[in-house]
Undergrad: 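Pasting in a structure now, in structure tokens, and then I'll have a few things to ask.
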2 protein chains.
Amino acid sequence: MSDLVEFRNLKYLIAVAEEGNITRAAKRLYLAQPSLSTQMKGLEEALQVPLFIRDRNGVHATPAAEILITGGRELLKLRDGLIATARALHRVTFTPMRLGFSSFVDHALYEMVCSVHTSLFPECEIASKSGDNVELLLLLQRGEIDAALLTLPVSGAGLKTYPFAKSRLVVCMKADDPLARLKEIAPQELQAKLTIFQEPKQHPEAHLRLMEMLDEVGIRGDVASKTTTPHNMQWMVESGQGYALVREGSEMHIGLVTRPVTGVTWTVDSALILGKSTSQKTIPGLIRELRKRLRLQASPSSASKPPRSVRPDIEGENLRLFA
Amino acid sequence: MSDLVEFRNLKYLIAVAEEGNITRAAKRLYLAQPSLSTQMKGLEEALQVPLFIRDRNGVHATPAAEILITGGRELLKLRDGLIATARALHRVTFTPMRLGFSSFVDHALYEMVCSVHTSLFPECEIASKSGDNVELLLLLQRGEIDAALLTLPVSGAGLKTYPFAKSRLVVCMKADDPLARLKEIAPQELQAKLTIFQEPKQHPEAHLRLMEMLDEVGIRGDVASKTTTPHNMQWMVESGQGYALVREGSEMHIGLVTRPVTGVTWTVDSALILGKSTSQKTIPGLIRELRKRLRLQASPSSASKPPRSVRPDIEGENLRLFA
DNA sequence: GTTTTGCCATAGGTAGGAAGTATTGGACAG
DNA sequence: CTGTCCAATACTTCCTACCTATGGCAAAAC
């Protein structure tokens with residue numbers, strides 16, 4: 001009877017009651033709304049107790065539900081305490097999570113990974129290490145870091161990679177550039193003006209792939225300026241050295257704008273890469289949680305054409321975090 | 001992190017610790033031993049804490065596990081209390097469970113069903129109704145009982161039937177009968193002496209089927225005496241009126257013995273049958289729990305030949321409780 | 001009045017996990 | 001050396017929690 005109520009159910013119940021709205025609660029729990037709906041219905045059925053008054057703009061807990069909610073909060077707290085105590089007793093000391101990240105990975109992603117990690121493992125420190133792809137891959141191979149956030153493709157043999165986020169590449173230019181008036185830029189307009197690139201040595205495969213992609217639309221990759229960080233890229237654009245390709249949605253210096261390129265959908269893919277045989281025990285939990293959360297913020301996939309990716313899809317090598 | 005620990009896990013942990021032996025705990029929990037083993041291993045992994053010292057004759061909880069166990073007991077108790085309170089608040093009054101049973105269903109089965117039901121729903125009364133198959137089916141059809149324990153086959157259209165237990169039929173005779181010296185009785189020995197049967201009107205289909213089965217081994221069904229209960233059957237055997245077929249393992253009057261019949265494996269199948277459209281809310285829970293428990297005590301399936309069953313297997317109609 | 005928006009519910013499919021069976025391996029006892 | 005008793009492993013099966021897609025309904029917006 002009571003075996004039908006698990007901590008999970010209480011957690012969901014509480015979230016729904018607190019939000020007064022299943023849809024919002026689902027978001028908070030990183031679930032789809034119908035899942036939560038059916039869960040709540042199942043709970044009502046299992047207990048044979050109506051838990052919510054449904055009404056046009058949300059739900060409202062019944063008195064019986066209120067009991068469960070207050071009690072449930074208590075229980076959840078007790079559980080956390082209990083587990084913490086048990087673990088403390090065994091002096092579970094985590095070795096710090098050694099996490100590398102390339103500066104060409106969206107900083108927000110990096111922060112989200114960190115915050116997920118610390119919320120799962122508060123006692124476990126994170127030792128960050130930034131660097132370019134080549135460096136980080138080497139460190140992964142050597143086991144000097146446990147995982148890294150990189151942009152694809154990666155060539156390292158036997159490294160587990162979890163593709164993570166796809167973002168579209170757009171042209172970055174000065175706001176007062178004549179082309180900035182257009183909603184979209186035709187590829188041929190870029191010829192000779194697209195000159196600012198990430199230092200190729202930092203990620204040879206990605207650079208090569210990018211050149212190929214440019215070539216396909218008839219642009220000769222004209223690497224006049226090389227930079228090591230996205231910020232530098234923007235400064236170069238500001239100083240009028242040409243255009244650059246940046247991730248759509250990335251934070252822009254004032255005075256700069258981005259424009260999509262007509263007829264193509266280039267994307268950069270970020271991924272979490274695991275080291276060869278790391279002893280970091282937090283990794284399975286981290287992956288699990290990230291998988292759950294990232295499902296939701298998966299790209300809107302508005303692209304009509306199949307997107308051209310900087311990552312040539314090699315299936316089997318990649319363990320997708322989302323479909 | 002702590003989301004990896006559910007009430008279920010605590011319950012398992014406690015059972016294992018209390019029994020000091022995974023195999024025994026599994027039995028208590030109506031689980032298979034490997035399932036429980038992997039659960040415990042998973043828990044240790046999730047928490048990153050060793051929970052048991054494995055040793056030659058069992059397992060022994062570590063101090064960390066002890067913490068979880070005492071805390072877990074508390075939590076489980078709190079959960080039960082919480083749910084009880086919530087349900088009380090909504091005055092969940094169950095209508096009594098109206099359960100019919102035929103006297104030809106093993107009484108132990110009936111009792112087990114009742115005990116499962118009351119352990120799941122302590123507040124729900126059980127109103128029992130005994131009778132023969134025909135009567136009970138009629139009551140089910142009319143919705144005057146919620147469920148019934150019957151022997152198969154049942155002809156009622158549209159009734160959900162959950163096959164439940166299979167037991168072998170053996171010949172019942174006096175201990176001083178000359179044939180009682182034999183381990184097994186050859187079918188032809190029964191000719192003319194197998195004369196005591198359940199009143200055919202109580203279950204026409206089963207009777208018919210039984211006659212067919214006898215016919216197949218060359219015995220003419222010679223219904224000299226008809227009885228309405230297994231006890232009457234035994235009295236008739238005692239008074240020397242002939243042999244009867246009874247369920248193997250059923251309780252015997254003193255002075256009577258049972259012997260298997262060579263070369264055949266006749267069985268009676270019992271089943272839980274649900275009424276047409278009962279409003280009894282406890283039924284889903286009951287079914288669920290029975291399914292779990294009965295898996296374990298499924299027949300040892302020692303029969304070399306496929307057993308000849310009083311239930312002609314009509315698939316699709318029957319929802320099996322076990323495979 | 002029609003459309004849009006913001007809810008929740010239902011339907012149907014998928015995949016991961018918890019269950020099962022069968023088997024192995026280790027440590028004793030006879 | 002064999003039989004017994006445990007737990008662990010390997011593999012399979014099945015359930016259910018979750019997904020996406022869609023529908024219905026009421027209030028708000030046009």
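Letters A, B, ... mirror the listed sequences (proteins, then strands); counts begin at 1.
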Undergrad: Could you state the atom-to-atom distance from CZ of A:Arg291 to C1' of D:dA17 in whole Å?
TA: 15 Å

Undergrad: How close or far is atom C1' of C:dC7 from atom NE2 of A:His60, stated in whole angstroms?
TA: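 Atom-to-atom, A:His60 to C:dC7, this comes out as 17 Å.
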
Undergrad: Distance under 6.0 Å and angle within 45° of the ring axis: does A:Arg291 meet both against A:Tyr162?
TA: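 The answer is no, since A:Arg291 fails at least one limit relative to A:Tyr162.
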
Undergrad: Return yes if some donor-acceptor pair links the side-chain N/O of B:Thr62 with the main-chain N/O of B:Pro50 below 3.5 Å, else return no.
TA: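 Checking the backbone N and O of B:Pro50 against the side chain of B:Thr62, a donor-acceptor pair under 3.5 Å is found.
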
Undergrad: Using whole Å, what does the distance between atom P of nucleotide C:dG26 and atom CD1 of B:Ile53 come to?
TA: 20 Å

Undergrad: Do any N or O atoms from the side chain of B:Arg73 and from the backbone of B:Ile14 form a donor-acceptor pair under 3.5 angstrom?
TA: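 Side chain of B:Arg73 to backbone of B:Ile14, a donor-acceptor pair under 3.5 Å: no, none is there.
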
Undergrad: For A:Arg288 and D:dA17, what is the distance between atoms CZ and C1' respectively, to the nearest whole Å?
TA: 12 Å

Undergrad: Is there a side-chain contact between A:Tyr12 and the phosphate of D:dC18, meaning an N or O under 4.0 Å from OP1 or OP2?
TA: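 Result: yes.
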
Undergrad: Would you find a donor on one side and an acceptor on the other, under 3.5 Å apart, between the side chain of B:Glu44 and the backbone of B:Phe52?
TA: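 Yes, because the side chain of B:Glu44 sits within donor-acceptor range (under 3.5 Å) of the backbone of B:Phe52.
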
Undergrad: Sugar-phosphate atoms are those with a prime plus P, OP1 and OP2; base atoms are the rest. Using that split, label each nucleotide of nucleotides 8-13 of chain C B, S or - for protein heavy atoms under 4.0 Å, 5' to 3'.
TA: BBB---

Undergrad: Going by heavy atoms closer than 4.0 Å, what residues in residues 2-10 of chain B are next to DNA chain C?
TA: B:Arg8

Undergrad: Keeping A:Arg24 on the side-chain end and A:Glu19 on the backbone end, is there a donor-acceptor pair under 3.5 Å?
TA: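 Side chain of A:Arg24 to backbone of A:Glu19: a pair is present.
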
Undergrad: Taking atom P of D:dT16 as reference, at what distance in whole Å does atom CD of A:Glu45 sit?
TA: 13 Å

Undergrad: Taking CG from B:Leu31 and P from D:dA7, how many angstroms apart are they, rounded to a whole number?
TA: 14 Å

Undergrad: Rounded to whole Å, please give me the gap between CZ in A:Arg293 and P in D:dC18.
TA: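 My rounded result for the distance is 15 Å.
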
Undergrad: Kindly indicate whether the side chain of A:Asn21, heavy atoms from C-beta on, has any atom under 4.5 Å from the side chain of A:Val59.
TA: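 Not in contact.
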
Undergrad: My understanding is that only residues two or more places apart in sequence, or in another chain, count here; which of them pass side chain to side chain donor-acceptor pair (under 3.5 Å) with B:Asn9?
TA: B:Gln39

Undergrad: Could you state the atom-to-atom distance from CG of A:Leu43 to P of D:dT16 in whole Å?
TA: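 Distance, rounded to whole Å: 15 Å.
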
Undergrad: Indicate yes or no: does B:Glu18 engage B:Arg28 in a salt bridge with an N to O separation below 4.0 Å.
TA: yes

Undergrad: With a 3.5 Å distance limit and no angle check, can you tell me whether A:Glu6 reaches the backbone of B:Glu6 through a side-chain donor-acceptor pair?
TA: no

